[in-house]
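Report on the structure given below.
All residue numbers refer to positions in the sequence shown, counting from 1. Here the structure is a predicted model, which is why all the values come from computation and not from measurement.
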Amino acid sequence: MIDDGNDMVADRYPPTRRPGLRRLRKGLPLRAVAPNAVTALALCSGLSGVRFAISGEWTSAATMILVAGVLDGLDGRVARMLHGESRFGAELDSLSDAISFGVAPALIVYLWSLSVFPRIGWICCLMLAVFCALRLARFNAQIDTTEQPHKSAGFLTGVPAPAGAGLAMLPMYLWLSTDLPVFNSPYLVAPWIAFVAFLMVSSIATFSWSSLRLRSNVRFEAIAGVVLLGAALVSAPWPTLSVVCLVYLALMPWSIWSYARIRRQRATNRPVQTPSTSA
C-alpha cells in the first residue's frame, strides 16, 4: 500500500488547525457586523418616523425617534463588548445620527406644526438638521485632538444629537400629553426649534452620562429611581418624557457651574473631582 501522506497531515494538524480548514474560516466575523447592524436599525427607525409623520401618525413618529435613540445608545456598547470597533462603524454612526436626530425630527416637527408657516418654519427646521450635522462634524474633527478641556473634565460640548432630538420634540410630547393646541402653535415651536439647534452647536458644558458617579450609599435608591422611571415611561410615556426633558434643561446651569469650578481648580493646580450626583 502506498502512503500518500494524508495520515501524516492528519496527525500533524488537528481538525481545527489544518491549512485547508483555516482558509475556509477566513471572512468577516460576526462581531464586526453586529454593531453596524444596530446602527442601521437606528437609521431605519429614524426614517420610519418620517413615514409615520407623513401619514399623520404622530405618536408612532415620536416613538420611532425614541427607538432610534435607544439603538444609538446600544451600538457603541455592543461594539466595545464584542471588540468590533471600526472606522467604518464610526462613520456609519455619524451618518445615522445626522439623519435620525437631525433630518428626521426636523421633518416630523415641520409636518406637525411648522408647515403652516412654510418659510420661517422651514428655516428653523433647516437649522436643526444642519446644526446637528455640524455638531457631528465638529466631534469627528476633534476625535484625535489631545487637548479637549470638556472631555477631560467629564463633560460634553453642547447638547448631544440624541438629546437634541428629544428636546426638539418637547412641544410634541406636551401636546400628546395634554392635547392643548398651544403646544402645536408655530409661534411656540419655531423659536423652540431654533433654540435647540443653537444648543447643539454651542460650546456650553453639558453632563456626560458615562462620567456621572453615584455615591455608594445611594445605590439602592438609584435602582428604585430607575425602576420608577421605567414604570412611568410604560404607563405614561409622554408626560414622563416631558418631565425628563425639563429636568435635563434645568441641569444645564448646574453643568456650566460645575465645569467652571473644575476650570478654576485646574488653574490653581488643585485636585479635580469628577462630576457626581446622588439619587
For side chain to side chain contact (heavy atoms under 4.5 Å, CB included), just list the numbers for Phe198 and Phe195, CA-CA rounded to whole Å, side-chain angles, deciding distance to a tenth of an Å, and then say yes or no. CA-CA 5 Å; Phe198 278 112; Phe195 172 68; 5.7 Å; no
Determine, step by step, whether Leu43 and Leu71 satisfy the side chain to side chain contact (heavy atoms under 4.5 Å, CB included) criterion, reporting the C-alpha distance in whole Å, the side-chain angles of both residues, the deciding distance to 0.1 Å, and the verdict. CA-CA 9 Å; Leu43 176 58; Leu71 293 174; over 6 Å; no
After noting the C-alpha distance and the side-chain angles of Ser258 and Trp254, does the key distance pass the side chain to side chain contact (heavy atoms under 4.5 Å, CB included) rule? CA-CA 6 Å; Ser258 298; Trp254 181 30; 3.3 Å; yes
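Note: the hydrophobic cluster containing Val182 does not contain Tyr187 (ILVMFWY, side chain heavy atoms under 4.5 Å, direct or indirect links). In the hydrophobic cluster analysis, where Ile, Leu, Val, Met, Phe, Trp and Tyr join through side-chain heavy atoms closer than 4.5 angstrom, Tyr259 is grouped together with Leu251. Follow the hydrophobic side-chain contacts under 4.5 Å out from Val38 and you reach Val67 in the same cluster. Residues Phe88 and Met81 are members of separate hydrophobic clusters, defined by side-chain heavy-atom contacts under 4.5 angstrom among Ile, Leu, Val, Met, Phe, Trp and Tyr. Cluster membership check: Leu199 shares its hydrophobic cluster with Leu188, using side-chain heavy-atom separations under 4.5 Å among Ile, Leu, Val, Met, Phe, Trp and Tyr.
Nearest approach of Ala168 to Leu128, heavy atoms of both residues: CB-CD2, 3.9 Å. Residues Pro162 and Asp72 come closest through the heavy atom pair CG-OD2, 3.5 Å. Smallest separation of non-hydrogen atoms from Ile204 and Met252: CD1-SD, 4.3 Å. Shown here for Val189 and Pro171, the closest heavy-atom pair between the two residues is CG2-CB, 4.1 Å. For the pair Ala194 and Met127, the tightest heavy-atom approach, listed with the atom from each and the gap, is CB-CE, 3.9 Å. Closest approach of Tyr173 to Leu66, counting heavy atoms only: OH-CD2, 3.5 Å.
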For residues 49-57, which side-chain donor-acceptor pairs fall under 3.5 Å, sequence neighbours excluded?
residue, atom, partner, partner atom, Å
Ser55, OG, Arg51, O, 3.4

For residues 99-125, which side-chain N or O atoms pair as donor and acceptor with protein atoms under 3.5 Å away, sequence neighbours left out?
residue, atom, partner, partner atom, Å
Ser100, OG, Ala42, O, 3.2
Ser100, OG, Ser96, O, 3.0
Trp112, NE1, Asn184, OD1, 3.4
Ser113, OG, Asn184, O, 2.8

Do any side-chain atoms of residues 234-244 form donor-acceptor pairs under 3.5 angstrom with protein atoms, and if so which ones, sequence neighbours left out?
residue, atom, partner, partner atom, Å
Ser235, OG, Ala231, O, 2.9
Thr240, OG1, Ala232, O, 3.1
Thr240, OG1, Ala236, O, 2.6
Ser242, OG, Trp238, O, 2.8

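Atom CG of residue Leu136 and atom CE of residue Met200 lie 7.0 Å apart, to the nearest 0.5 angstrom. A distance of 4.5 Å separates CZ of Phe183 from OG1 of Thr178, quoted to the nearest 0.5 Å. Put simply, CZ on Phe131 and CD1 on Ile193 are 12.5 Å apart, with the number rounded to the nearest 0.5 Å. Here OH of Tyr248 is found 13.0 Å from CG of Leu170. Values are rounded to the nearest 0.5 Å. The CD1 atom of Ile262 sits 9.5 Å away from the CH2 atom of Trp257 when rounded to the nearest 0.5 Å. Distance check: Leu41 CG to Ser48 OG gives 10.0 Å after rounding to the nearest 0.5 Å.
The main-chain N or O of Pro35 is found under 3.5 Å from a side-chain atom of Thr39 such that the two form a donor-acceptor pair. Of the possible donor and acceptor atoms, one in the side chain of Arg135 sits under 3.5 Å from a partner among the backbone N and O of Thr157. Judged by distance alone, with hydrogens and angles left aside, the side-chain atoms of Thr206 form a donor-acceptor pair with the main-chain N or O of Gly158 at under 3.5 Å.
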